[in-house]
Amino acid sequence: MKDQAASLRSLVSAPSGLDKIQRSGRSSKILTIASGKGGVGKSNFTLNFALALQTLGRKVLVFDADIGMANIDVLMGTSSPYNLYHLLYRQKSIQEIIQLGANGLPYIAGGSGMKELFSLSDRDLEFFAEQVEMVAQEMDYVIFDTGAGLSRENMKFIGAADECMIITTPEPTSITDAYALVKVMHGQENATPFRMIVNRVENEQESEQVADKIAGVAKRFLQTDIPLLGYVSEDPNVVKAVKRQVPYSLAYPHSKASRDIQRLALRYLAEPAVNEAGTLTGIRGFMKKWLRKTT
């Protein structure tokens, strides 16, 4: 059977194509934000974390990759006339499907076109890679907000990223599902490194207790470390901001959750990268790992 992605393999391995583009500019870091289950505040975290990085002078593009529940635009009170579908079918360029949301944050709306991304021809995969790279070379971070759980699509995004931030809450089901996601992804070749965020906690002590449960089991049974990046407090202003369709870090900048998200962004930028030395990163790394089979 013909190799589904022969041309893209050639593209990411040869000193041409993406390699030529990347040598002419910077290489953005590819992050995925994931959760073991829905309802943990993943998309809200993604949006406000991206805004916090932007406030700290970083250029960020948010890619809403949640196939069934895409809502980044809803959280900002915006709407996009174009999405990935228009790019994949050559109706619009990637510059045309990028919209500006709160505080001028660039984002690509999810929804239509996401499923088609997983059944592209060689030629279309190459086109997609080149289009993404044209934007990625201008960014410091491209953040993919994935769906909840262990769908094939989510595993593909997580497995192809430079690193994944997994969002959990103190609820037992959230903790269990977060570990399940880490366990499955750990079995993949060249597993993506994880960092943990504990959302909706009462205090720092509670976040550490949650993190210790997941990290302890992961260390014992998977022989892997899941470092805790930080936490976001339970805060009634988050719900108020959702109802207003304004990111809470903008609507209530002095709230507990906003202070926490700012502290998280500062800590993230201050800590060293979690990738192993020699690991291919950026969009070339993303597309090369995208071709890898997930079980």
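Quick caveat, the model's predicted, so the values are computed rather than measured.
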Rounded to the nearest 0.5 Å, what separates atom CD1 in I72 from atom CD in Q99? 14.0 Å
Less than 4.5 Å apart, any side-chain heavy atom of L87 and any of Y82? no
Among T169, I175, L228, side-chain contact (heavy atoms from CB on, under 4.5 Å) partner for V198: L228
Might you work through the salt bridge (charged side-chain N to carboxylate O under 4.0 Å, His left out) test for K59 and E138, ending with a clear yes or no? CA-CA 8 Å; K59 293 183 178 181; E138 301 299 327; 5.1 Å; no
Donor-acceptor pair, E96 side chain versus S93 backbone, under 3.5 Å? yes
Would a 4.5 Å heavy-atom cut-off, applied to side chains only, mark V238 and N48 as touching? no
Identify the two heavy atoms, one from P247 and one from A241, that lie closest to each other, and give their separation to 0.1 Å. C-CB, 4.2 Å
Verify whether one side chain among D73 and S80 offers a donor that lies under 3.5 Å from an acceptor in the other. no
I'd like to know if K219 and D225 make a salt bridge, using a cut-off of under 4.0 Å between side-chain N and carboxylate O. yes
Are R90 and D124 within salt-bridge range, i.e. N to O under 4.0 Å? yes
I'd like to know if L75 and I108 are part of one continuous hydrophobic network [Ile/Leu/Val/Met/Phe/Trp/Tyr, side-chain heavy atoms within less than 4.5 Å]. no
Once rounded to the nearest 0.5 Å, what's the spacing between atom CD1 of I30 and atom CZ of F286? 6.5 Å
Considering only heavy atoms from C-beta outward, does the side chain of I226 approach that of T224 to under 4.5 Å? yes
For G41 against N199, the heavy-atom pair lying closest together: CA-ND2, 3.8 Å
Give a yes or no on whether Y268 and L47 share a hydrophobic cluster (residues Ile, Leu, Val, Met, Phe, Trp, Tyr; joining criterion: side-chain heavy atoms under 4.5 Å apart). yes
In Å and rounded to the nearest 0.5 Å, what is the CD to CG distance from E271 to L266? 11.5 Å
Side chains of E171 and K37, heavy atoms from C-beta outward: is any pair under 4.5 Å? yes
With no hydrogens and no angle check, is any side-chain donor or acceptor of R267 less than 3.5 Å from a backbone partner on L229? yes
Is there a ring-ring contact (aromatic ring centres under 6.0 Å, His included) between Y248 and Y252? Walk through the geometry before answering. CA-CA 5 Å; Y248 61 76; Y252 305 100; 8.9 Å; no
What's the separation between atom OG1 in T146 and atom CG in L181, rounded to the nearest 0.5 Å? 8.0 Å
Closest non-hydrogen contact found for A109 with N83 is O-CB, 3.7 Å
Closest approach of A178 to I166 (non-hydrogen atoms, all atoms of both residues): O-CD1, 3.3 Å
Keeping the roles fixed (side chain from Q245, backbone from V74), state whether a donor-acceptor pair exists under 3.5 Å. yes
Report yes if the side chains of E206 and N203 come closer than 4.5 Å at any heavy-atom pair, otherwise no. yes
Please evaluate residues L84 and F63 with respect to the criterion side-chain contact (heavy atoms from CB on, under 4.5 Å), reporting the C-alpha separation (whole Å), side-chain torsions for both, the decisive distance (0.1 Å), and the verdict. CA-CA 10 Å; L84 192 60; F63 197 126; 3.9 Å; yes
Got N71 and D66 here, is their nearest side-chain heavy-atom distance under 4.5 Å? no
Please check if the number of heavy atoms outside K256 that lie under 6.0 Å from its NZ is greater than 12. yes
Is there a donor-acceptor pair under 3.5 Å between the side chain of S258 and the backbone N or O of H254? no
Work out which heavy atom in V184 is nearest to a heavy atom in M155; give both atom names and the distance. CG1-CE, 3.7 Å
Answer yes or no: is there a donor N or O on one side and an acceptor on the other, between the side chain of N154 and the main chain of G147, under 3.5 Å? yes
Quick check against the 3.5 Å criterion: does D140 have a side-chain atom that pairs as donor or acceptor with the backbone of R58? no
side-chain contact (heavy atoms from CB on, under 4.5 Å) for M165 and T46? Distances and angles first, verdict last. CA-CA 10 Å; M165 292 187 183; T46 300; over 6 Å; no
Interatomic distance, NZ@K42 vs CD1@I197, rounded to 0.5 Å, equals 13.5 Å
Do V132 and F157 belong together in a cluster built from hydrophobic side chains that touch within less than 4.5 Å? yes
Y179 ring center within less than 6.0 Å of F221 ring center: no
Are Y141 and F49 side-chain neighbours, meaning at least one heavy-atom pair lies under 4.5 Å? no
Working to the nearest 0.5 angstrom, can you tell me the gap between K240 NZ and K243 NZ? 9.5 Å
With a 4.5 Å heavy-atom cut-off, do L51 and Q54 have their side chains touching? yes
Joint hydrophobic cluster, I167 plus F144, side-chain heavy atoms closer than 4.5 Å: no
Where do V142 and S28 come nearest, in terms of heavy atoms and distance? CG2-OG, 3.7 Å
Would a single hydrophobic cluster contain both L53 and L264, if residues Ile, Leu, Val, Met, Phe, Trp and Tyr are joined by side-chain heavy-atom contacts under 4.5 Å? yes
